[in-house]
*Asks:* 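Supplied in structure tokens, the structure appears directly below.
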Amino acid sequence: MKGICKFVSKLLLLSIFINLIIMQGGILKAAEKSLPSGLNYDEISEAIENYYNEHEKTNCGMNVIVYDRDEVLYQNAFGYMDKEQKIKSQMDTVYDWGSISKLLIWVSVMQLYEDGLIDLNADIKNYLPDNFLKNLSFDKPITMIDLMNHKAGFQDTYFIQTTKPSEIGTLEEALSIRQPKQIYEPGEHTAYSNWSAALAAYIVERASGLDYMDYVHKAIFDPLNMEHTSISPTYDDRPWMLDERLKLKCYDAAGEAIIGPSICYIHLYPAGSACGTIADLKTFARALTPDEAHPSPLFKKQSTLDEMYTATSFYGSTNIPKNYHGFFSSQYALETIGHGGNTFGCSSMLQFDPISGIGMLVMTNQAHESTYNYDMYELVYGKFTDSKLAQTKRTVPKGLILNTRGIIEGPLSFLGALGVSSYSEEDLETWWYEEDGVVETQFSDFVVSTPKAICNVLCMLFFIIAGVYGLLKIFIGGVIIDPIKKRKGKIMVEPLRKYSYLTSSMMALALINLLVEFIRLSKGYRTGDIGSAASYKVQSIIFLVLIILLAATVFFGYKNNYEDALKDEKRKFTMSSLLAITQVLVMVSFDMYKFWML
């Protein structure tokens with residue numbers, strides 16, 4: 001009996017010894033696995049934590065997951081969902097997806113393409129009600145590929161959200177009411193467009209026969225068991241999530257609390273309304289990189305995914321991809337694809353390599369955050385300087401450039417004059433490629449146009465000078481100097497002087513109206529509460545009235561009183577008239593009066 005026990009004991013010791021060898025081999029094997037950046041799998045946790053600590057001055061809340069097809073390599077929740085109350089971020093904290101929501105659109109489109117219900121290269125009018133698109137400027141058809149590439153040619157639109165959930169209507173209503181003008185021929189320029197993406201979601205509705213929200217739940221959320229993600233603009237599909245989202249306090253990129261509503265409701269909701277936990281986002285992301293051992297429930301055929309991951313847009317004439325059926329290419333040492341997202345309270349990023357299956361997700365409660373949502377990805381995928389785009393010969397564009405994205409025509413087009421920029425040698429470290437006077441970036445093209453850029457700036461400068469002149473003339477001349485002269489009996493009644501003051505008053509009012517508009521837009525950019533389109537229409541009507549009154553005042557001033565006026569009064573009125581005419585020309589050239597375009 002003792003011999004048997006002794007034999008069993010030795011056998012157990014041998015088994016333990018063999019298992020230790022196998023485990024050690026497994027640990028060594030895991031340590032040998034490396035990320036595209038060169039870091040070993042077991043080094044990524046320390047690298048991310050060190051990176052987070054290095055940026056503690058602006059830290060708020062952040063959730064991060066790094067994964068491959070087989071396992072989660074690292075996950076953690078950093079910082080606070082409410083800094084002031086010291087409420088820590090958890091792995092089940094809900095964040096806005098922002099524009100990552102657009103990937104739900106493109107996956108839906110590819111599912112319907114797989115079922116033969118959508119042709120990616122057909123005219124999208126085939127899927128829309130008759131005369132639905134009201135602001136087309138070109139005969140060339142728009143295709144679904146154009147929508148995916150953000151090359152349909154539509155200018156941007158500002159009024160896509162509200163702080164009042166009661167104002168949210170159907171997707172069809174939102175698209176119909178807020179149709180932007182088509183500025184470029186389809187395929188000509190990349191100009192990121194929330195409206196175009198939402199239009200693609202509406203086509204999903206039309207092709208599937210389901211409300212877009214219902215389609216996403218049926219075809220994506222339910223098969224993936226994503227029970228902690230909402231797509232409804234008012235959280236109607238997951239009512240409990242609204243309470244969770246309201247617990248999240250939001251901050252700007254510098255870590256300062258955002259003053260204003262903590263949540264906005266998006267009219268064009270497919271373009272940016274998804275909200276949920278990072279675990280659900282990981283489930284969605286991993287379903288996009290299947291293999292034989294991990295098949296995706298999202299598609300019936302692997303060939304559909306293979307086609308989705310073929311490039312549909314490139315940087316200029318190079319073979320460097322910019323877009324893959326709606327998934328943007330990111331230029332790290334290893335090219336990744338995915339999408340970023342920004343709301344007025346959160347920033348998020350999903351990036352993955354469809355070949356290796358290595359992916360990284362970041363969700364933060366900071367608006368317009370880039371330190372973690374872009375730069376930190378170098379820890380996993382390597383630096384931009386080692387990318388194919390960085391290795392391509394690039395020459396710094398000479399001259400001033402204008403963004404093709406934005407409000408190009410209409411009452412808010414004056415903002416384009418403020419978007420003038422230029423490139424320097426330092427910008428060679430960022431993602432862009434210039435060819436034939438067009439600087440291409442991921443999300444929009446920039447056109448090299450120094451004369452137009454200078455003209456825009458000068459126009460706005462003269463508009464401001466005219467307004468300031470009007471203010472000074474009213475307060476210094478009308479409020480201070482003229483009353484003093486009048487008391488001393490040194491001033492005569494001059495009808496032309498009244499016209500000068502009337503003209504100055506209207507120039508001052510034009511400047512004030514513009515400043516109020518600009519301040520509202522700037523505040524809206526920070527808080528998300530941009531105001532209603534109707535209120536901006538009122539300001540546009542004010543510009544229209546001022547154009548008419550300024551022209552009439554100058555005309556009747558010269559006609560009725562100029563000949564008989566004193567030389568000094570003629571000089572002052574001429575100065576006021578020239579500045580007034582300048583303001584009128586600026587208001588006309590920038591369409592400030594076209595209230596019907598809002």
Side-chain angles (χ1 to χ4, degrees), residues 93-109 147 156-178 192-205 210-222 224 226-248 250 260-278 280-281 284-285 326 339-350 361 363-365 367-368 524 527-530:
T93 299
V94 300
Y95 295 91
D96 299 337
W97 285 29
S99 286
I100 295 177
S101 307
K102 292 181 177 68
L103 297 187
L104 298 173
I105 302 174
W106 309 133
V107 168
S108 300
V109 167
L147 297 181
D156 216 344
T157 178
Y158 273 26
F159 305 101
I160 64 171
Q161 62 187 32
T162 176
T163 57
K164 301 173 183 177
S166 61
E167 294 181 355
I168 295 294
T170 67
L171 178 57
E172 181 179 1
E173 290 170 347
L175 287 164
S176 183
I177 293 170
R178 296 167 181 82
Y192 190 86
S193 172
N194 289 298
W195 193 86
S196 292
L199 182 64
Y202 180 53
I203 292 173
V204 169
E205 285 192 348
L210 294 173
D211 177 88
Y212 177 75
M213 180 176 67
D214 294 336
Y215 180 88
V216 169
H217 274 273
K218 180 181 178 181
I220 300 176
F221 288 175
D222 292 348
L224 297 178
M226 292 173 61
E227 298 179 350
H228 300 89
T229 302
S230 167
I231 185 60
S232 166
T234 53
Y235 300 86
D236 291 341
D237 56 341
R238 306 264 196 243
W240 61 269
M241 280 193 63
L242 177 58
D243 293 331
E244 292 299 310
R245 175 59 181 83
L246 289 171
K247 293 176 183 177
L248 186 71
C250 299
S262 61
I263 189 170
C264 291
Y265 305 93
I266 302 175
H267 296 291
L268 304 175
Y269 76 91
S273 277
C275 177
T277 63
I278 196 169
D280 264 14
L281 184 58
F284 173 66
H339 215 295
N342 276 289
T343 64
F344 288 92
C346 296
S347 299
S348 301
M349 178 66 74
L350 181 162
L361 310 169
M363 306 184 88
T364 68
N365 58 340
H368 313 294
T527 67
D529 187 8
I530 197 171

*Asks:* For K218, check salt bridge (charged side-chain N to carboxylate O under 4.0 Å, His left out) against everything at least two apart and list the hits.
*Replies:*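 So K218 forms no salt bridge (charged side-chain N to carboxylate O under 4.0 Å, His left out) with any residue.
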*Asks:* To the closest 0.5 Å, what do you measure between CG (L224) and CG (D280)?
*Replies:*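 Going from CG on L224 over to CG on D280, the span is 9.0 Å.
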*Asks:* Show your working on side-chain contact (heavy atoms from CB on, under 4.5 Å) between I105 and Y212 and close with a plain yes or no.
*Replies:* CA-CA 9 Å; I105 302 174; Y212 177 75; 3.2 Å; yes
*Asks:* In the structure I gave you, are the side-chain heavy atoms of D156 and Y192 within less than 4.5 Å of one another anywhere?
*Replies:*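 Not in contact.
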*Asks:* Could you report the tightest heavy-atom contact between A197 and K102, atom names first, then the distance?
*Replies:*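 Heavy atoms of A197 and K102 come nearest at CB-CE, 3.7 Å.
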*Asks:* Side-chain contact, heavy-atom cut-off 4.5 Å: M241 with C275?
*Replies:*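 In contact.
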*Asks:* Is H339 close to L350 at the side-chain level, that is, under 4.5 Å between some pair of heavy atoms?
*Replies:*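 No. Closest side-chain heavy atoms not under 4.5 Å.
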*Asks:* As a test of understanding, state which of F221, Y235, W240, W97 forms a side-chain contact (heavy atoms from CB on, under 4.5 Å) with S230.
*Replies:*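 Output: one option passes, namely Y235.
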*Asks:* Testing the basics here: between L171 and A198, what is the closest heavy-atom pair and its distance to 0.1 Å?
*Replies:*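 Reported closest heavy-atom pair: CD2-O, 4.0 Å.
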*Asks:* Quick one: are L281 and T229 in side-chain contact, heavy atoms under 4.5 Å?
*Replies:*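 When only atoms from C-beta onward are counted, T229 and L281 do not touch, as no gap falls below 4.5 Å.
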*Asks:* Just how far is it from atom OG1 of T157 to atom CH2 of W195, taken to the nearest 0.5 Å?
*Replies:*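 Rounded to the nearest 0.5 Å, the OG1-CH2 separation comes out at 9.5 Å.
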*Asks:* Could you pull out the closest heavy-atom pair between E167 and T162, with the gap in Å?
*Replies:*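 For E167 versus T162, the nearest heavy atoms are OE1-OG1, 2.7 Å.
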*Asks:* Using side-chain heavy atoms (C-beta onward) and a distance below 4.5 Å, is Y95 in contact with L248?
*Replies:*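 Yes, at least one pair of side-chain atoms sits under 4.5 Å.
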*Asks:* Can you list the steps and then say if D237 with H217 is a side-chain contact (heavy atoms from CB on, under 4.5 Å)?
*Replies:* CA-CA 9 Å; D237 56 341; H217 274 273; 2.7 Å; yes
*Asks:* Could you please spell out the steps behind the side-chain contact (heavy atoms from CB on, under 4.5 Å) verdict for L199 and L268?
*Replies:* CA-CA 9 Å; L199 182 64; L268 304 175; over 6 Å; no
*Asks:* When rounded to the nearest 0.5 angstrom, what distance separates OG in S108 from CG in L103?
*Replies:*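 Between atom OG of S108 and atom CG of L103 there are 10.5 Å.
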*Asks:* Is there a side-chain contact between L361 and S348 (heavy atoms, below 4.5 Å)?
*Replies:*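 With C-beta onward as the side chain, the pair stays apart.
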*Asks:* Please report the shortest heavy-atom distance between R238 and M226, naming the atom on each side.
*Replies:*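 Of all heavy-atom pairs spanning R238 and M226, the closest is NH2-O, 2.7 Å.
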*Asks:* Looking at L147 and W106, what are the two nearest heavy atoms and their distance?
*Replies:*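 Taking L147 first and W106 second, the nearest heavy atoms are O-CH2, 3.7 Å.
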*Asks:* Once you round to the nearest 0.5 Å, how far does CG of D211 lie from CD of E172?
*Replies:*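 Interatomic distance, D211 CG to E172 CD, rounded to 0.5 Å: 11.0 Å.
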*Asks:* When rounded to the nearest 0.5 angstrom, what distance separates OG in S232 from CD1 in I266?
*Replies:*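 Spacing of OG (S232) from CD1 (I266) equals 11.0 Å.
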*Asks:* For T163 and Y265, run side-chain contact (heavy atoms from CB on, under 4.5 Å): C-alpha distance rounded to whole Å, both residues' side-chain angles, the deciding distance at 0.1 Å, then the answer.
*Replies:* CA-CA 6 Å; T163 57; Y265 305 93; 5.6 Å; no
*Asks:* Please examine the side chains of R178 and E173, heavy atoms only from C-beta on, and report whether any two atoms are closer than 4.5 Å.
*Replies:*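 With C-beta onward as the side chain, the pair stays apart.
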*Asks:* Find out whether T93 and M363 are in side-chain contact, i.e. whether some heavy atom of one side chain is under 4.5 Å from a heavy atom of the other.
*Replies:*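 No, too far: nothing below the 4.5 Å cut-off.
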*Asks:* Let me confirm one number: the OG1-CD1 distance from T343 to I100, rounded to the nearest 0.5 Å.
*Replies:*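 Rounded to the nearest 0.5 Å, the OG1-CD1 separation comes to 10.5 Å.
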*Asks:* Taking all heavy atoms of S99 and all of G340, pick out the closest pair and write down the distance.
*Replies:*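 Smallest heavy-atom distance, with atoms named: CB-O, 3.4 Å.
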*Asks:* If you apply the rule side chain to side chain donor-acceptor pair (under 3.5 Å), what do you find for Y269 with S101, and how did you get there?
*Replies:* CA-CA 9 Å; Y269 76 91; S101 307; over 6 Å; no
